[in-house]
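Below, chain A is the first sequence line, B the second, and so on; all start at residue 1. When reading the values below, keep in mind they use all heavy atoms of this one structure, side chains included, and skip hydrogens, waters and symmetry mates. Predicted model, so just to flag it, every value in this text is computed and none were measured.
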Amino acid sequence: MKESLKHCVNGMIDTLRGEGVLPTMALPQFRIDRPKEHDHGDFSTNAAMVMARVARMKPRDLAERMLAAMPTDQTDILRWEVAGPGFINFFVSPTRLRRQVHDILTAGPKYGFSPLGHGKKIMVEFVSANPTGPMHVGHGRGAVTGDVLCRLLHATGHQVHREYYINDAGRQIDVLGRSVLHRYRERIQGSELPQPTDFYPGEYVFDILDAIPTPLQQSLQEWLANPDQPEQETALLGAITRFAVDWVLEDIRKDLGKLDIHFDHWFSERQLHEQGGIDHALEVLRVKDLIHDGLLEKPKGGGERLQDEWETRTQPLFRATAFGDDVDRPLQKPDGQFTYFAADIAYHLNKYERGFDSLVNIWGADHGGYIKRVEAALEGLTGKKGLLHVLLVQMVNLTRNGQPVRMSKRAGNFVTLRDVVEQVGADAVRFWFLTRASASQLEFDLDLAVARSNDNPVFYVQYAHARICSIWRQMQEKGIEECPLDANALSLEVELDLIRFLDTFPETVESAAAHLEPHRIAFYLQDLAAKFHNYYNATRILEDDPKVRGGRLALCQAVRQVIANGLQLMGVNAPERM
RNA sequence: GCGCCCGUGGCUCAACGGAUAGAGCAACGGCCUUCUAAGCCGUGGGUUGCAGGUUCGAUUCCUGCCGGGCGCGCCA
């Protein structure tokens, strides 16, 4: 509806241009809004207000002229008016509203979809948790946010590519391998050994031990019996590290699978190194003269270790300051290895070279400090601004019955994503993660998430869907005659209101996709469920009069469809009974 | 010290630059011989952290403060 009204207003503007009231030059963008106030109509536009200056007219006068250009043959708008400082308000005819129910039922599962994206290729990189241990709840929030964002982009006509960046190179991976080896030694010797300084103490390391294949175990045992062979140690450590990373990745994949989250591609950082991706990226930067040798000041933060070990030296730096970053960023460590940032530059160049029109990264809020430098690198590499959008996802605080759940790795009560999914189920986890904007911290109450009450938004929305389904069951049980679903019989103001709200669903989907804010769908569904419960409570659906009954059933079916579509976008089930 | 995010009823949060700032929780008062009361209705509660600026119009954008969180590695 909104779109067709926009065309209508554009037509009026063209007419005024023809009459010389408005200039032919580019005009300021106008908006079509839905006023909060009922008396202000179904839609309003600020067109006359924003164009008053170029027309050299008072906003209200211009509004009158515009309305005079309203096509005479249209029937969707019942009446219109100039109001306030110069708004034009439109009142949609009830006939048009009733037709909307029909349109929703016809579109079915496709209602809310749009071709807006024109097949634009977007990559969404998300989760990308280091394969050094199980996923925690915060990773889960990023995973769900990314997955739903992908669903939204798909529904709005984008070509979406989902990618997981595996940090399978670097120190942390070595630490994992050594941790496994350490535990293996302990097991063979039957006693605890002093822990290395860099060490992962988690329980899952023992699970990895149990899974080590027999041939590798035999090699390890042979070596431990005769340990004085450095080359052998290096080779075995390499083998055990690769095995451990694969094991953890499989573990992560399983967790994501339980949330029905899947990727098109798992991109290995190690392969990026092996295939010369970093050399390639640095070469591109060098050609553009964006690398220079320089000194770096010792940073303010970073802890004691950094403060002690800092070595001021001349090293290759990326000119990040040329693109708005605070300092130039180092590309190589003292031992000659590339920095994580160097790999990230290469990875993002690789993304660009694969031909994506737009890149979206979903990061934990603790990575916020890296946005500028990665944006700077992409701009330096490609000469284009705004290719990358980084969505920061804030931390999750777990509570149980309002009390914080303490999480300490040492005490062994670390709550993993898997624990939470097993306790409350995938639907509740997915929905709950989207009950706040991603930039806001989220409190996740494990008790409330499974509570069957209206405090629990998951059940509240699912219940609305189930309630509608039960109407049809009720009809069968009572042997009530089937009647054609015909919205023309709808006349109550609450019914027209409900239709108006159903009509905003496509706009909600579009704006959620455009602003990269998947939580808007959750908010919308909560509103819709509330409106439906309200209607249901006050209005008898299964009226004796088949005409009235058919109208209300049509409306209910449309509400059910929109709830189902919204839940589908969120990856949450729409149960038929509860 | 610097950067990013946040600041809205007692609490948790909404509001693509629009008209009288909205929900839920909590509090109080109502609604079940009728399709799921796992629900609904009503009442009270606000100087949108503070001060400026841009605008016809600012919770929204800009600047400066104040308060909270996160980050500031040659870690990932």
Side-chain angles (χ1 to χ4, degrees), chain A residues 31 33 35-37 39-40 44 46 49-50 52-53 58-59 83-87 89 128 130 132 167 169-173 175 198 269 296 298-303 305-307 309-313 315 325-327 329-335 337 339-341 343-344 364-372 392 394-395 435-437 439-443 451-457 459-460 462-464 466-475 477-478 480 507 510-512 514-515 517 519-520 523 526-527 529-530 532-543 552 556 577-578:
Chain A
R31 303 182 45 82
D33 287 303
K36 278 172 266 185
E37 210 59 42
D39 296 345
H40 297 148
S44 75
N46 61 353
M49 285 147 77
V50 296
R53 186 179 297 172
K58 290 180 186 166
F87 289 104
N89 296 336
S128 301
N130 285 346
T132 56
N167 294 120
R171 213 193 93 243
Q172 313 237 18
I173 294 298
V175 173
D198 291 318
E269 181 190 350
L296 267 191
K298 191 196 272 196
K300 298 272 185 192
R305 181 164 161 174
L306 170 75
Q307 295 295 320
E309 292 177 5
W310 187 266
E311 169 196 343
T312 304
R313 65 195 178 91
Q315 57 180 322
D325 199 0
D326 305 327
V327 288
R329 303 291 177 178
L331 300 165
Q332 273 185 330
K333 305 179 198 176
D335 62 6
Q337 284 207 347
T339 59
Y340 175 79
F341 177 54
D344 235 11
D366 53 342
H367 286 60
Y370 279 78
I371 297 178
K372 263 192 191 172
L392 290 183
Q394 268 290 354
M395 59 186 297
T435 55
R436 297 272 181 283
S440 298
Q441 291 192 14
L442 174 74
E443 186 177 308
R452 303 185 148 200
S453 75
N454 64 346
D455 306 352
N456 181 350
F459 279 86
Y460 186 74
Q462 287 186 323
Y463 176 46
R467 222 175 188 185
I468 295 170
C469 294
S470 86
I471 298 171
W472 267 262
R473 286 196 296 273
Q474 190 66 218
M475 256 198 311
E477 283 170 24
K478 292 190 175 167
I480 296 173
E507 294 156 36
E510 279 170 19
S511 69
H515 293 86
E517 293 189 342
H519 69 278
R520 293 188 190 200
F523 285 129
Q526 291 181 72
D527 285 348
F532 173 73
H533 284 309
N534 171 329
Y535 171 62
Y536 179 89
N537 222 271
T539 319
R540 186 162 181 78
I541 308 301
L542 297 176
E543 279 289 347
R552 294 185 178 166
C556 286
R577 62 176 78 225
M578 303 191 67

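- For Arg520(A), the salt bridge (charged side-chain N to carboxylate O under 4.0 Å, His left out) partners two or more places apart in sequence, or in a different chain, are Glu517(A).
- Counting any heavy atom pair closer than 4.0 Å across all strands shown, Phe459(A) reaches no nucleic acid atom.
- With sequence neighbours excluded, the residues forming a ring-ring contact (aromatic ring centres under 6.0 Å, His included) with Tyr460(A) are His533(A), listed by chain and number.
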Tabulate atom names and distances for all N/O pairs under 3.5 angstrom spanning the protein and nucleotides 23-28 of chain B.
{"unit_1": "rC25(B)", "atom_1": "OP1", "unit_2": "Asn454(A)", "atom_2": "ND2", "d": "3.4"}

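- Among the heavy atoms of the strands, none lies under 4.0 Å from Ser511(A).
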Task: Secondary-structure notation, RNA chain B, from Watson-Crick and G-U pairs under 3.5 angstrom (| other strand) - done: (((((((..((((....[...)))).(((((.......))))).....(((((..]....))))))))))))....

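- Proximity note for Phe523(A) (side chain, C-beta onward) versus rA14(B), rC41(B), rG3(B): the nearest is rA14(B).
- Counting non-hydrogen atoms under 4.0 angstrom, Ala538(A) reaches nothing in the nucleic acid.
- Within the structure, salt bridge (charged side-chain N to carboxylate O under 4.0 Å, His left out) pairs that include any residue of residues 533-543 of chain A comprise Glu543(A)-Arg552(A) (at least two apart or interchain).
- Taking for each of His40(A) and His367(A) the nucleotide of RNA chain B with the nearest heavy atom, the 5'-most of the two is the partner of His40(A).
- Within 4.0 Å of Asp39(A), counting heavy atoms only, lies no atom of the nucleic acid at all.
- For His519(A), the ring-ring contact (aromatic ring centres under 6.0 Å, His included) partners at least two apart in sequence or on another chain are Phe523(A).
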